[in-house]
Amino acid sequence: MKNKELAKIFYEISDFLEIDGISFKPYAYKKAAFSLENLEEDVFDIYEKGGNDALQDISGVGENIANHIEEYIKTGKIKIYEKYKKKLPLKIDELTRVEGLGPKKIKVLYQKLGVKNLKDLEKSAKSHKISPLFGFGDKTENNILQGIEFQKQNKGRLLLGQILPIAESILEELKSLKEVDKISLAGSLRRRKETIGDVDILVVSKKPEQVMDFFASLELVKKVLAKGKTKTSIHTKEGFDIDLRVVPEESYGSALQYFTGSKDHNIITRKIAIEKGFKLSEYGLFKGNKIIAGKTEEEVYKALGMEYIEPELRENQGETEAGMNNKLPKSLELKDIKGDLHCHSNWNGGENSIEEIANVAIKKGYEYIGISDHTKFLRIENGLNENQLLEQDEEIKKLNKKFEKNNFKILHGCETNIMNDGSVDIKDEVLEKLDYVIAGIHSNLKMGKKEMTERLITAMKNPNIDIISHPTGRLINRREEYQLDFDRILKVAKETGTILEINSSPDRLDLKDLYIRQAKEFGVKMIINTDAHKINQLSQMNYGVSQARRGWAEKEDIINTKPVKELLNYLKH
DNA sequence: GCCGTTTTCGGCCCGACTGTTTTCAGTCG
């Protein structure tokens, strides 16, 4: 699929144009890149079927960009992109990822100091060459250094949401081979960790050579790093590695247990085995030379004297002890989710109508869906004002009549903005009329800890605010959480009956696993929402569910596992 | 460079905040 490659190029062209001080064109390229990125169909196929005209049917793609795409399909290159790369030989994506650095600052840094990449940037900042520049200062220099440090910590790890769909499609391809008897993902991907270093796949096969040959010739392979009978490693075009291992049938379970990890979990389980007079390895659980378990994970855990431990829990956070005392959480499943209360429609910046969203929700088997559009402070998302919210209410009432026969209900909410003082940007008398209210922080993210905590607490004390969206504001690999006294937040959430969101968006996953577990211990209720801005994002619910599982949450902790009547009981009004 | 119930040109990308300035440019959501 070349869509992502092309999107990346257009994003870069957009940055180049911005550096050149050209207005509006960068916006056009960004829009086209965004469309391509989210396109379901391969742009090559679209071109093959309908030519240049079909390309221009893609939203944000006109004559010029269609020509660029055509040029790329035919020659593998785009001239103006090559020209810019020569003129400004910069690692633009690397540099713009540093928070506070945009195209204009990058241009100055390149012209005055010859900064081309992150390494140059760090060198210049450390030797204090940046602060004397016009328009820069001590604080900017410091922020740059902090930004670089943050990026370094996250190096080489991609988001779960980027990798899982690719890995699952490879899994499907391999599964279709008749030589493959059993197959599973392993490693951090199977544990649904929020970021993934590389992908591990385990296979049982009597003809490993054929499986390895097939795997090494997959379309997404950029380079084969190693290829043998039991292990093949490849580097993908997407920039991550996949290891495929073939293991004997009789030790499939112990191998899966071993390669799923985590490392700390494995150390603990091996210690437990030794205490019981066994030896645990990827080849099986042994008593002396005799194998006593290994075919399935279940029998391995059972032989070790514990309940089966779900992969998401295997982080050495007390799961083995809980497993021996029958105290593991009852695992939450995607099918337990009965609705999604954080969805944006085309009334604000979203893409689809309320009716379209409702129809997808019905198809998913949901009992309800909540529409929670942005409100007026967020101009760029076309946030709604009081009057528009009331108009929207009328539309939803009409639609609800239509959907009565489906036993399905649309709930009307909104996602208000929490201002600096903890108030929100919609009047209480309108909030009162809605089924529920979500409130979130979208501005002034760098407040001090005390102020930020007070800001959120004031919002939670508002009797009209039911749910706090993405409570800690992090963007994985890109932005730190707000500074918050999270214990106080949990205390006030419990006191006020405020629900905390587990946002399923793969770059948020906010609350994170650790906080989910804390919230559960505090008795704070949570809700898993997708924050979908278009209908296909409604399918990202699985990421929120696996995050909740990693946080030991059970059905009773998550309010949208409840039917609509019970759900409404958890809200404040 | 794209787009159109404002339709082939003239809008689009607004407003707050930060860090730098001393009236504002750059960045972010």
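Quick note on labels: first sequence line is chain A, next is B, and so on, each numbered from 1.
Using C1' as the reference atom, B:dT6 and B:dC12 are 14 Å apart when rounded to the nearest Å. Rounded to the nearest Å, the gap between the P atom of B:dT5 and that of B:dG1 is 23 Å. For the C1' atoms, the distance from B:dT23 to B:dT18 is 15 Å, rounded to whole Å. Across B:dC2 and B:dT8, the matching C1' atoms stand 12 Å from one another, rounded to whole Å. Spacing of P atoms, B:dT21 relative to B:dG26, comes out at 13 Å, to the nearest Å. Nucleotides B:dT20 and B:dC28, compared at atom P, are 15 Å apart to the nearest Å. Using P as the reference atom, B:dG10 and B:dG15 are 24 Å apart when rounded to the nearest Å. For the C1' atom pair drawn from B:dA25 and B:dC13, the interatomic distance equals 16 Å after rounding to whole Å.
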- Task: Applying side-chain contact (heavy atoms from CB on, under 4.5 Å), run through A:Trp347 and A:Glu395 and close with a yes or a no.
- Result: CA-CA 11 Å; A:Trp347 280 63; A:Glu395 180 178 326; 3.0 Å; yes
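When heavy atoms are screened at a 4.0 angstrom cut-off, A:Ser443 is found touching no nucleic acid atom at all. The residue A:Lys105 sits close only to the backbone: its heavy atoms come under 4.0 Å of sugar-phosphate atoms, none of a base. Among the protein residues, A:Phe134 comes within range of no part of the nucleic acid, since none of its heavy atoms lies under 4.0 Å from any strand. Here A:Pro103 lies in heavy-atom contact (under 4.0 Å) with sugar-phosphate atoms only. In this structure, A:Asn142 reaches neither bases nor backbone, as no heavy-atom distance under 4.0 Å exists between it and the strands shown. Counting any heavy atom pair closer than 4.0 Å across all strands shown, A:Leu101 reaches sugar-phosphate atoms only and no base atom.
Two residues, A:Val98 and A:Gly137, neighbour DNA chain B, and the one matched to the more 5' nucleotide by heavy-atom proximity is A:Gly137. Ranked by how close their nearest DNA chain B nucleotide is to the 5' end, A:Leu133 and A:Leu378 are led by A:Leu133.
The one candidate from A:Glu481, A:Glu480, A:Glu194 that meets the salt bridge (Lys or Arg N to Asp or Glu O under 4.0 Å) condition with A:Lys512 is A:Glu481.
The aromatic rings of A:Tyr29 and A:His68 lie parallel to each other, their planes meeting at an angle below 30°, with 60° marking the opposite boundary. Ring geometry, A:Phe16 versus A:Tyr84: the interplanar angle falls under 30°, so the pair is classed parallel (tilted spans 30 to 60°). Taking the six-membered ring where the residue is Trp, A:Phe44 and A:Tyr72 present perpendicular rings, their angle passing 60° and hence far from 30°.
Counting heavy atoms from C-beta on, the side chains of A:Leu511 and A:Leu500 come closer than 4.5 Å.
As the counterpart of B:dT8, no nucleotide is assigned, since no Watson-Crick or G-U wobble pattern has both distances under 3.5 Å.
Remark: the A:Thr375 side chain and the A:Asp425 side chain contain an N/O donor-acceptor pair separated by less than 3.5 Å.
Extent of DNA chain B lying under 4.0 Å from chain A heavy atoms, first and last nucleotide in 5' to 3' order, is B:dG1 to B:dG29.
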